[in-house]
Amino acid sequence: MRIVQATADDREMNVWEQLPDGRIQHHRHAPEFSFFLRKKDVTEELRRFLTRSSLLTAHREEGDFIRFSWKEDAARKLLIYGRRGVESPLKEVGVEIFEGDVRPVRRFLVDKDCEIARPRRCYVDIETDSRVPFSRKEEARILSIVAKDDVGGRHRFLLPEDSNRAEADMLAQYWEALGAYDQVLAWNGDRFDFPVLKARTEGNRVRVQMARWLQLDHLALFKRMNTAAESGDEKQSMALQAIAMQFLGEGKDDFDASKTWEAWEAGGESRARMLEYNEKDVDLLVKLEAKTGFCDLFQAIAEVCRVLPDSIGLLPTQQMDGFMLRLGAQRGLRFRTKIRREEGDEETFEGAFVLEPKEKGIIKNVHVCDFAGMYPSIMLSWNMSPETRLKMGAGKGQKVAQAPVTRECFDVEGEGILTVALRQLISMRKEWTSKKTKEPPGTPAWKDADRKSTAYKVVANSFYGVVGSQSSRFYDSSVAESVTTTGRWLIQRTIQEAAKRGMIAIYGDTDSLFVRGCSREEFREFVAWTNEELYPKLAQEQGCVENHIKLEYEKEFERLIFAGAKKRYCGSYAHFKGAEATADSKPEIKGLEYKRGDSVVLARRFQGRIIDILCKQKEERPSVFREVVEQVKSRVLQGNLERFEYVISKSVSKPLNEYVQKKKLDGSPAAQPPHIVIAKQLKADGHEVHEGTKIEYVVVDGEDGIKAVSAIGYEGDFDRYYLWENLVYPPTQRLLEGAFPDYDWTVGLASVRPKFSKRGKPLKGQALLLGSEEYVVEVDAFEMGRGVIEQIRTLATKHPGQVRLVIQLTTETGERIRTETPYGVLPNVKFRDDLRGLVASAAEYRFFEEAYKGCVSS
DNA sequence: ACCTATCTGATGGCTG
DNA sequence: CAGCCATCAGAT
């Protein structure tokens, strides 16, 4: 039976089956709320107690277990968890309950002979009344809806008049059209399109069973799948327009999305343009899938794990649940009930090993090896699984594999269920990989095999993480820690063996090792030796029955540069898996700001340029880099910069009220992170702010200090010194210090904000003239930062009415402009915004505005 | 509502 | 005010 969709509530379960001829058949079932008890735990008394209940619908023996099924979830919950003040009667007698939290749909998919069908997919976007704030989105009238599919199907709906009747008609037509599909994708759909469509449909009493469609949030899908981003540019914004720009190179539509109501109300051309805009967004979704294939890959994962391909199915815990519950059921094994974890009793366990980078400078000829599928291979070799772990240690004569660091013992007489699962996944992956090689590359059959192979790999690799997750049914920190620490041990043993042969491990992270001091041939031989002799011996010594540990010679760096820390480096290849690098091979970049979406564009581009000169041009003279740094420095401090180059973007990672409000020692509240302060303001102004929202802001040098302001609509000044000293230069400085540790990358570069000398002696480029009757402060326009203004204010306060300000500028044409203005009472002054407060007349103000614009240097 | 290790920046407190 | 440390947060 191929299942397209299934949903359940307390009363009924609805299942939509895809028949072999493609038609959809709807079934209604009673939902099953069940749990399993071990046969040996069920005394006659307990059986009588449970079967006496009128809410019990069935109980039957299944292997070593008895399944009890209940009419309602409430009855099941009461037995499992108890009630406030009432301990669960099963807990009281110490009987363990299995799979007691499994919901009816999962139960059905696991127990029945089901497959996940390939749903007919469509992409949807809606436009709603822009006058309604996001927080009340359900009250916003839907103005238009567009749905499209991958093969040219297109459905457009435009609201003809502003009435409930018209909206209801439009919605009815939309749902009617949607009958041709099973799965709906919308960008940010879980937070906007899906709830709005639901609210408007119900509010207008349009009769349709919305549960019939799989809802998949395209944004959530994209975030999960886009794990191989090239640079931070792809991570800075998750707005559809920004992602489309990155992936499809498509520019922005000139339609103003915040004016949908005005556009609709104007009618005619204008209304049509809104629909065009609506349709274009849907086109982007279609194209994005054509380009990335993320949806197809997710479908393959869903099929492997027997999860429905909707937003819930994206979660790794769901995927492992789907795969393992099915496997267990086939083998008569039942899993424990998920426990409800209180906050605060989180456990931690030790993770991977990272070797401190051992060398500095431009390091040549570094060979890199890594363990193939390290964590799955460890779990397989040691037969690690929650139920093979011997909680009391090994019994006498018992055959066990022992994890070398945790000393945990795993029974190796029979296969653990996790071992069975991993073996299956890995062998299926192999099968599909070999099928792939038999197909001509790029054909649909090849692509299908490729996706299947990737899906099996993704699922196998996610199991370790789920075992380490406290919210998972398979959580076992001892197993998880045995996995990670065995990885540590393997890497360290490998380093030791390399050292014995005169090779130096200069770096390593989790499953990789960077080695210097040998030829390719020697390294190849070393890797082969570890696989033939070292690991089989190590595994055997620990009691493993099988050895799946495998080291691979992955690549050689022709040059490699660390940016002064672990997990941060760049380098160019000599070869990758034996394939010689060419002049246009891309450098490998890890952890650097270049790759981060929360760095400013200026920092990314700057660092990218330096990486290029280091890795592709292979320049080794620090003086050449110094020149580039000076160039960029002048541009940042004095050039014309566009806003996108200096905005900072950071995500909100939890509900705004959960950010800790610390107190300073004097009891006053401490400042919250800048992006959170702005996020709160935005939310108060009706903007959409939730977990995952990216907040874009600019740092400005206000008269009350440096502060962050929202980038939305911001056109004002920004703090160039802050930008250079804190955000732009340090990332590149660290990289250059890594490449040329003996060169001084600080003097004249790191600290650029001008300061006033305390003795009143002016610094270079500034003149502080003190007259006898009158004080004149002469400053450069570009240095009208906080320090200067404070200095002037202090002076003005001491000598009221006696301070005059001299401002001079040099225009692009080299013309010098100079003016004097009485300081008077300085209101909150900031050179550009508050120039009005500095100058005598409006004419003078305009003069400065113009002069400032044309300025190249001061 | 998949893990840990690690880095970096903002902020605040302390010290010389 | 620089230098150091601690804490929180975000990102890889």
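In what follows, chains carry the letters A, B, and so on, assigned in the order in which the sequence lines appear, proteins first and then strands, with residues in each chain numbered from 1. Not measured: the values here are computed from a predicted model. Keep in mind that the numbers below use all heavy atoms, side chains included, and drop hydrogens, waters and symmetry copies.
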Starting at atom [atom1] of [X], determine the distance to atom [atom2] of [N], rounded to an integer number of angstrom.
X: A/Asn461; N: B/dC2; atom1: CG; atom2: C1'; answer: 12 Å
X: A/Ile378; N: B/dC3; atom1: CD1; atom2: C1'; answer: 14 Å
X: A/Asp190; N: B/dA1; atom1: CG; atom2: P; answer: 13 Å
X: A/Met374; N: B/dA5; atom1: CE; atom2: P; answer: 14 Å
X: A/Asp511; N: B/dC3; atom1: CG; atom2: P; answer: 19 Å
X: A/Ile648; N: B/dA10; atom1: CD1; atom2: P; answer: 7 Å
X: A/Lys235; N: C/dT12; atom1: NZ; atom2: P; answer: 4 Å
X: A/Lys567; N: C/dG10; atom1: NZ; atom2: P; answer: 20 Å

Carboxylate-amine/guanidinium proximity below 4.0 Å for A/Arg605 and A/Glu645: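 Salt bridge: no.
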Can a donor-acceptor pair be found, under 3.5 Å and without considering hydrogens, that links the side chain of [X] to the backbone of [Y]?
X: A/Glu593; Y: A/Ala603; result: no
X: A/Gln318; Y: A/Ile312; result: no
X: A/Asp370; Y: A/Asp511; result: no
X: A/Arg720; Y: A/Val636; result: yes
X: A/Lys694; Y: A/Lys235; result: yes

Examine [N]: is either OP1 or OP2 under 4.0 Å from a nitrogen or oxygen in the side chain of [X]? Give yes or no.
X: A/His675; N: C/dA9; answer: no
X: A/Arg488; N: B/dT4; answer: no
X: A/Ser462; N: B/dC3; answer: no
X: A/Lys650; N: B/dG9; answer: no

Over all strands shown, is [X] touching base, sugar-phosphate only, or nothing at heavy-atom distances under 4.0 angstrom?
X: A/Gly465; answer: base
X: A/Asn726; answer: sugar-phosphate
X: A/Glu350; answer: sugar-phosphate
X: A/Pro674; answer: sugar-phosphate
X: A/Lys338; answer: nothing
X: A/Arg734; answer: sugar-phosphate
X: A/Phe349; answer: sugar-phosphate
X: A/Thr317; answer: sugar-phosphate
X: A/Tyr659; answer: sugar-phosphate
X: A/Lys590; answer: nothing
X: A/Val660; answer: sugar-phosphate
X: A/Ala671; answer: sugar-phosphate

Among [options], which is the nearest nucleotide to the side chain of [X]?
X: A/Ser471; options: B/dG12, B/dC2, B/dT8; result: B/dC2
X: A/Lys654; options: C/dA9, B/dT8, B/dC3; result: C/dA9
X: A/Ser653; options: B/dC3, C/dA9, B/dC2; result: C/dA9
X: A/Arg224; options: B/dC2, B/dG13, B/dT8; result: B/dC2

Positive for side chain to side chain donor-acceptor pair (under 3.5 Å) with A/Asp321, one of A/Arg473, A/Lys338, A/Arg306: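 Exactly one pass, corresponding to A/Arg473.
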A/Lys654 NZ: over 12 foreign heavy atoms closer than 6.0 Å: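 Yes - once you tally the heavy atoms of other residues, nucleotides and ligands closer than 6.0 Å, there are more than 12.
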Gap in Å between the two P atoms, one belonging to C/dA9 and one to B/dA1, rounded: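 Per the computed distance, 16 Å lies between those P atoms.
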Flag for A/Asp190-A/Ser311: side-chain donor and acceptor within less than 3.5 Å: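 Present: a donor and an acceptor within the cut-off.
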DNA chain C contacts made by residues 595-612 of chain A, counting heavy atoms under 4.0 Å: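 When residues 595-612 of chain A is checked for heavy atoms under 4.0 Å from DNA chain C, the hits, listed by number, are A/Lys595, A/Arg596, A/Gly597, A/Asp598.
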